[in-house]
Protein chains: 2
Amino acid sequence: MASTARYHHGDLHATLLQEANRLLNEQGIEGLSLRKLAERAGVSRTAPYHHFKDKNALLCALATQAFGQLDEMIQRQLERGAKENIQDFVREYLRYATEHPEQYELMFGRTLWKSGQPSDELKAVAYRSFRHYAEGLGRLLQGRLPANTDPLRVAQASWATIHGLCRLVIDGIYVNRVDMEAVSEQAVALIMAALKPAKND
Amino acid sequence: MASTARYHHGDLHATLLQEANRLLNEQGIEGLSLRKLAERAGVSRTAPYHHFKDKNALLCALATQAFGQLDEMIQRQLERGAKENIQDFVREYLRYATEHPEQYELMFGRTLWKSGQPSDELKAVAYRSFRHYAEGLGRLLQGRLPANTDPLRVAQASWATIHGLCRLVIDGIYVNRVDMEAVSEQAVALIMAALKPAKND
DNA sequence: TATCTAATTTTGACACTGTCAAGATCAATC
DNA sequence: GATTGATCTTGACAGTGTCAAAATTAGATA
């Protein structure tokens with residue numbers, strides 16, 4: 001029962017996911033190799049293959065976990081229909097992305113969506129997250145959108161804005177963490193300026 | 001003088017860049033290996049190292065080239081200060097990105113900006129492109145921005161939107177090529193709605 | 001023209017990666 | 001107590017980027 005080396009690990013599946021997350025945070029996706037991971041879990045190179053079909057499957061499981069957290073945050077942040085908490089939501093989203101840059105990269109990066117093959121589970125939770133966002137945003141903007149404005153398109157466009165900002169910041173291209181907030185506030189302010197005033201304003 | 005196999009290639013530097021671009025288009029960044037590239041150029045595995053310090057340097061050169069094209073497009077599209085050609089610009093940008101998805105990934109992806117090290121040249125042309133965009137956009141929106149609106153922030157925010165949309169489409173996440181145009185039109189329309197009318201409207 | 005030098009290219013090697021096949025070990029069931 | 005199936009290991013292979021040392025050649029120098 002002691003944790004001394006024994007042939008069967010006991011709960012390798014969970015340990016792999018846990019250590020993979022640690023490795024991801026420490027060394028990024030590029031540094032996350034199955035061999036390093038196996039070594040950390042105290043197991044041989046090919047042991048993980050009995051718990052995950054291949055590396056892609058393991059990464060999908062990781063990303064699915066992370067999407068669960070993001071989804072939870074989205075719902076928590078948008079559920080209570082406060083007046084002007086779009087700004088709060090954006091702030092929270094940016095905070096999540098910049099505090100978990102490697103998971104964010106994994107969730108939305110081409111590693112899974114383009115090079116690899118996103119699992120059905122991953123696609124499901126990803127689309128569900130977006131749906132929750134679209135629904136929540138729709139509730140917040142209800143009755144305030146100009147004519148000829150499709151709420152779905154607004155959701156897609158605004159997500160693209162937030163997402164693009166996250167990527168520019170995370171990858172360190174045009175925007176840094178200091179400016180990020182100012183940029184996002186400007187973006188939200190511009191959109192709000194295009195809206196009709198809320199009833200309780 | 002004939003193209004039969006000879007020890008010295010002649011212009012390996014240019015050939016490498018050319019073949020690298022082909023390989024990039026055919027197999028994506030993941031499929032672009034120095035060894036495949038060398039084989040295509042008809043040269044041994046390590047020959048490229050006498051023309052590029054390492055793989056990172058070669059990719060930087062590729063990305064720098066591509067940024068040159070993008071920059072040229074940006075200037076061409078924004079220089080003539082037409083009335084409502086923001087929509088045209090966005091359309092053109094999206095077209096470039098979706099027609100050159102692999103180069104776009106290389107230009108803005110983490111391969112160079114995060115994992116690797118972007119060369120000074122690459123950073124220079126990347127920032128110059130953004131500056132040209134910001135200047136061009138500033139010209140188009142001159143006098144039409146609401147009070148308390150920093151043109152730089154607007155440029156960053158709008159670039160983030162376009163960029164985010166490109167990535168979502170290219171990586172095939174929330175938006176597909178068909179919806180892309182509708183989403184971008186919605187985004188532009190929202191921003192335009194927040195602007196003061198132009199003088200010559 | 002002959003020689004030297006420096007640029008260019010090659011071969012060999014190393015560490016690292018993901019993954020397959022075959023065998024070893026163990027837990028639980030019949 | 002024997003068997004079965006899950007779990008883990010060892011060995012192997014092809015592929016990667018990159019370094020060191022040797023080979024080849026073009027161009028400058030004498």
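In the text below, chain A, chain B and the rest are named by the order of the sequence lines, each starting its count at 1.
Which of dT9(D), dT16(D), dT11(C) sits closest to the side chain of S44(B) comes down to dT11(C). You'll find that the side chain of T46(B) is closest to dT11(C), out of dT9(D), dT19(C), dT11(C). Of all nucleotides listed (dT10(D), dC8(D), dT11(C)), dT10(D) comes nearest to the side chain of R45(A).
Separating the NZ atom of K36(B) from the P atom of dG15(D) is a distance of 10 Å, rounded to the nearest angstrom. At whole-Å resolution of the value, CD in Q27(B) and C1' in dG15(D) are 13 Å apart. For F52(A) and dC20(C), the CZ to C1' distance is 19 Å, given to the nearest whole Å. Between L37(A) atom CG and dC8(D) atom P there is a gap of 13 Å when expressed in whole angstrom units. Across the protein-nucleic acid pair, I29(A) atom CD1 and dT17(C) atom C1' stand 16 Å apart, rounded to whole Å. For L32(B) and dG17(D), the CG to C1' distance is 12 Å, given to the nearest whole Å.
Side chains of D71(A) and H132(A) form a contact here, defined as non-hydrogen atoms less than 4.5 Å apart.
Heavy atoms of other residues, nucleotides or ligands lying less than 6.0 angstrom from CD of Q27(A) number more than 12.
No salt bridge links E30(B) with K114(A); every basic N to acidic carboxylate O contact stays at or beyond 4.0 Å. With respect to the salt-bridge test (charged N to carboxylate O, under 4.0 angstrom), the residues E26(B) and K36(B) do not qualify.
Proximity of H13(A) to the phosphate of dT7(D): no side-chain N or O atom is located under 4.0 Å from OP1 or OP2.
Taking only distance into account, the side chain of R35(B) meets the base of dG17(D) through a donor-acceptor pair shorter than 3.5 Å.
Within the nucleic acid shown, S33(B) comes within 4.0 Å of sugar-phosphate atoms alone, with no base atom in reach, counting heavy atoms only.
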